[in-house]
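Here the structure comes first, spelled out in structure tokens, and everything after it is commentary.
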Amino acid sequence: MPELPEVEVVRSGLARWVAGRTIADVDVTLARSIRHHVAGPTDFADRLRGRTVESVERRGKFLWLTLDDGEALLAHLGMSGQLLMQPQGELDEKHLHVRIRFTDAGRELRFVDQRTFGGLRIEPLVREPWAGRWVPESVHHIAPDPFEPGFDLTAVAKRLRSRQTGIKRALLDQRLISGIGNIYADEALWLARRHFARPTSAFTRPQVAELVGHATDVMAAALAQGGTSFDSLYVDVNGSSGYFERSLNVYGREALPCRRCGRGIVREPFMNRSSFRCPQCQRTPPNAHW
DNA sequence: AAGAACTCCTGGATGC
DNA sequence: TGCATCCAGGAGTTCT
């Protein structure tokens with residue numbers, strides 16, 4: 001499940017492989033994978049052909065290739081998406097949906113996605129003065145992630161505290177702060193000893209800072225591990241996730257002892273998914289807001 | 001209008 | 001063993 005660190009590993013790997021190269025041709029074999037590109041597969045291919053990739057950028061879980069005509073090829077990996085660099089002629093992956101070949105006939109870029117929540121689209125870039133950068137149109141409403149220069153912790157704390165909801169819902173809301181998914185939200189809450197349903201309004205500014213700091217630290221640690229093991233000849237989202245899994249404190253550890261107090265970790269349904277917490281370290285608050 | 005629920009999707013794991 | 005059900009969850013859409 002690619003969250004910010006996994007997407008950043010893909011971004012940096014991709015940058016090495018595609019920056020400066022010119023697109024020769026595009027094959028879309030599953031229209032759903034470009035469903036957000038409303039003009040359709042033919043338009044998608046036509047607009048990419050002949051374009052040169054200038055850079056590869058990211059905000060939260062979105063990543064995009066800036067093109068030489070001011071537009072961007074935007075990608076979201078969803079649950080299971082992968083962007084792979086493969087030699088031409090290499091056997092097609094079972095869930096290969098989009099293939100992009102370059103004029104130098106070197107490795108081709110492949111979008112592979114089993115569960116098809118992810119997708120590609122072409123969009124104009126829009127200027128964000130406050131963030132000091134250009135982002136694709138549909139990334140405009142996504143808040144800066146904690147690693148962006150434009151990230152404003154004071155503003156995040158202010159907005160978060162004024163909300164009428166629970167803390168985990170807020171952490172997962174990409175319009176407030178981006179990059180955090182279910183795994184890192186649970187990890188940050190465990191580190192801060194907070195219940196996921198604690199009302200946002202109950203947080204003081206220093207408490208928000210502490211929690212966001214933990215989320216940032218966990219993502220940075222994941223990135224450091226994923227990044228160092230990214231040495232293979234292709235970009236693989238799932239390839240390096242196993243090692244970091246072993247250092248998670250709560251996520252996926254149902255019934256295993258809490259690493260702080262020994263109590264069994266519990267799994268609870270939340271927002272059509274699961275939340276993991278320690279029932280001792282992360283007590284249910286009296287004014288819980290599910 | 002903010003906040004919550006619903007929806008999309010596949011295949012590995014689990015249950016009977 | 002085989003069939004059915006559960007489960008993973010990011011984000012756009014729809015609802016209240």
Side-chain angles (χ1 to χ4, degrees), chain A residues 1-8 10-11 29-38 58-64 74-83 93-98 111-121 123 135-145 156 158-189 196-203 215 219 222 237-238 241-242 244-245 248 250-255 265-277 287-290:
Chain A
M1 290 138 266
E3 297 185 27
L4 185 154
E6 292 78 13
V7 178
E8 174 57 21
V10 174
R11 188 208 63 78
T29 45
L30 182 69
R32 179 176 159 77
S33 289
I34 60 153
R35 65 192 177 285
H36 294 297
H37 188 83
V38 287
R58 182 189 59 73
R59 162 173 287 176
K61 305 166 195 170
F62 287 84
L63 80 84
W64 62 92
L74 175 64
H76 196 289
L77 302 176
M79 289 291 297
S80 54
Q82 293 173 285
L83 286 166
E93 290 77 8
K94 184 178 178 188
H95 301 289
L96 171 63
H97 304 320
V98 180
F111 179 69
V112 176
D113 190 8
Q114 180 200 114
R115 281 180 255 185
T116 73
F117 278 19
L120 308 179
R121 68 188 102 167
E123 287 189 354
V135 302
E137 228 167 34
S138 61
V139 174
H140 187 54
H141 71 287
I142 301 293
D145 66 57
V156 170
K158 187 176 179 182
R159 291 179 63 202
L160 184 145
R161 277 156 40 81
S162 70
R163 290 208 171 178
Q164 305 262 321
T165 190
I167 187 61
K168 188 170 172 182
R169 286 181 186 277
L171 283 181
L172 294 177
D173 187 343
Q174 307 295 302
R175 295 165 303 181
L176 184 63
I177 177 172
S178 71
I180 302 174
N182 201 38
I183 297 172
Y184 297 109
D186 279 5
E187 292 299 311
L189 288 166
F196 60 82
R198 186 174 195 241
T200 49
S201 56
F203 279 76
M219 291 193 289
V237 182
N238 304 316
S241 61
F244 186 70
E245 220 167 81
L248 294 177
V250 274
Y251 183 83
R253 290 179 39 87
E254 183 177 17
I265 299 297
V266 295
R267 177 168 70 94
E268 293 158 320
F270 179 75
M271 288 175 76
N272 257 345
R273 56 201 65 163
S274 292
S275 270
F276 296 88
R277 71 178 172 99
N287 46 356
H289 192 308
W290 267 263

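Proteins come first, then strands; the chains are lettered A, B, ... in the order of their sequence lines, and each starts at number 1. Predicted model only: the values in this text are computed from it and were never measured. All heavy atoms count here, side chains included; hydrogens, waters and symmetry mates do not.
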Measuring from Lys61(A):NZ to Leu77(A):CG, what's the distance to the nearest 0.5 Å? 11.0 Å
Measure from NE2 on His97(A) to C1' on dC8(B) and round the result to the nearest Å. 13 Å
Asp113(A) side chain reached by Leu30(A) side chain, heavy atoms, under 4.5 Å: no
Do Phe111(A) and Ser33(A) come close enough that some side-chain heavy atom pair is under 4.5 Å? yes
Can you confirm if the NZ or CZ of Arg253(A) lies within 45° of the ring axis of Phe276(A) and under 6.0 Å from the centre of its six-membered ring? no
Nearest 0.5 Å, what's the CH2-CE distance between Trp290(A) and Met271(A)? 14.5 Å
What I'd like to find out is whether the side chain of Leu172(A) reaches to under 4.5 Å of the side chain of Arg273(A), using heavy atoms alone. yes
State which residue, out of Asn182(A), Thr200(A), Leu189(A), fulfils the side chain to side chain contact (heavy atoms under 4.5 Å, CB included) condition with Leu171(A). Leu189(A)
Are the ring of Phe117(A) and the six-membered base ring of dG10(C) within the stacking cut-offs of under 5.5 Å and under 30°? yes
Check the distance between dG10(C)'s P and Asp113(A)'s CG and give it to me in whole angstrom. 14 Å
Using a cut-off of 4.0 Å on non-hydrogen atoms, how would the nucleic acid contact of Phe62(A) be classed: base, sugar-phosphate, or nothing? sugar-phosphate
Rounded to whole Å, how long is the line connecting atom CZ of Arg35(A) with atom P of dT13(C)? 10 Å
Contact check, side chains of Val266(A) and Arg277(A), non-hydrogen atoms, under 4.5 Å: yes
From the options dG10(C), dG12(C), dC9(B), select the nucleotide whose nearest atom is closest to the side chain of Arg32(A). dC9(B)
Whole angstrom value for the distance that separates P of dA11(C) from CZ of Arg121(A): 10 Å
Look for any protein N or O under 3.5 Å of an N or O in nucleotides 6-8 of chain C and output each such pair with its distance, or none.
from	atom 1	to	atom 2	distance (Å)
dA8(C)	OP1	Arg267(A)	NH1	3.1
dA8(C)	OP1	Ser274(A)	OG	2.7
dA8(C)	OP2	Ser274(A)	OG	3.4
dA8(C)	O3'	Tyr251(A)	OH	3.2
dA8(C)	N3	Arg115(A)	NH1	2.5

By a strict heavy-atom criterion of less than 4.0 Å, which residues belonging to residues 158-174 of chain A are in contact with DNA chain C? Gln174(A)
Does a side-chain N or O of His95(A) approach OP1 or OP2 of dG11(B) to a distance below 4.0 Å, or not? yes
Are His36(A) and dA11(C) close enough that a side-chain N or O sits under 4.0 Å from OP1 or OP2? no
For atom CG of Leu30(A) and atom P of dC9(B), their distance in whole Å: 10 Å
Heavy-atom closest pair, residues Leu63(A) and Arg11(A): CD2-N, 4.3 Å
Kindly indicate whether the side chain of His76(A), heavy atoms from C-beta on, has any atom under 4.5 Å from the side chain of His36(A). no
Answer yes or no: does a side-chain N or O of His289(A) lie under 4.0 Å from OP1 or OP2 of dA4(B)? yes
Can you measure Leu120(A) atom CG to dA11(C) atom C1' for me and round it to whole angstrom units? 16 Å
What is the distance, rounded to the nearest whole Å, between atom CG of Leu77(A) and atom C1' of dT10(B)? 17 Å
Measuring to OP1 and OP2 of dG11(B), would you say a side-chain N or O of Lys94(A) lies under 4.0 angstrom away? yes
Measure the distance from CG on Leu4(A) to C1' on dA11(C) and round it to the nearest whole Å. 16 Å
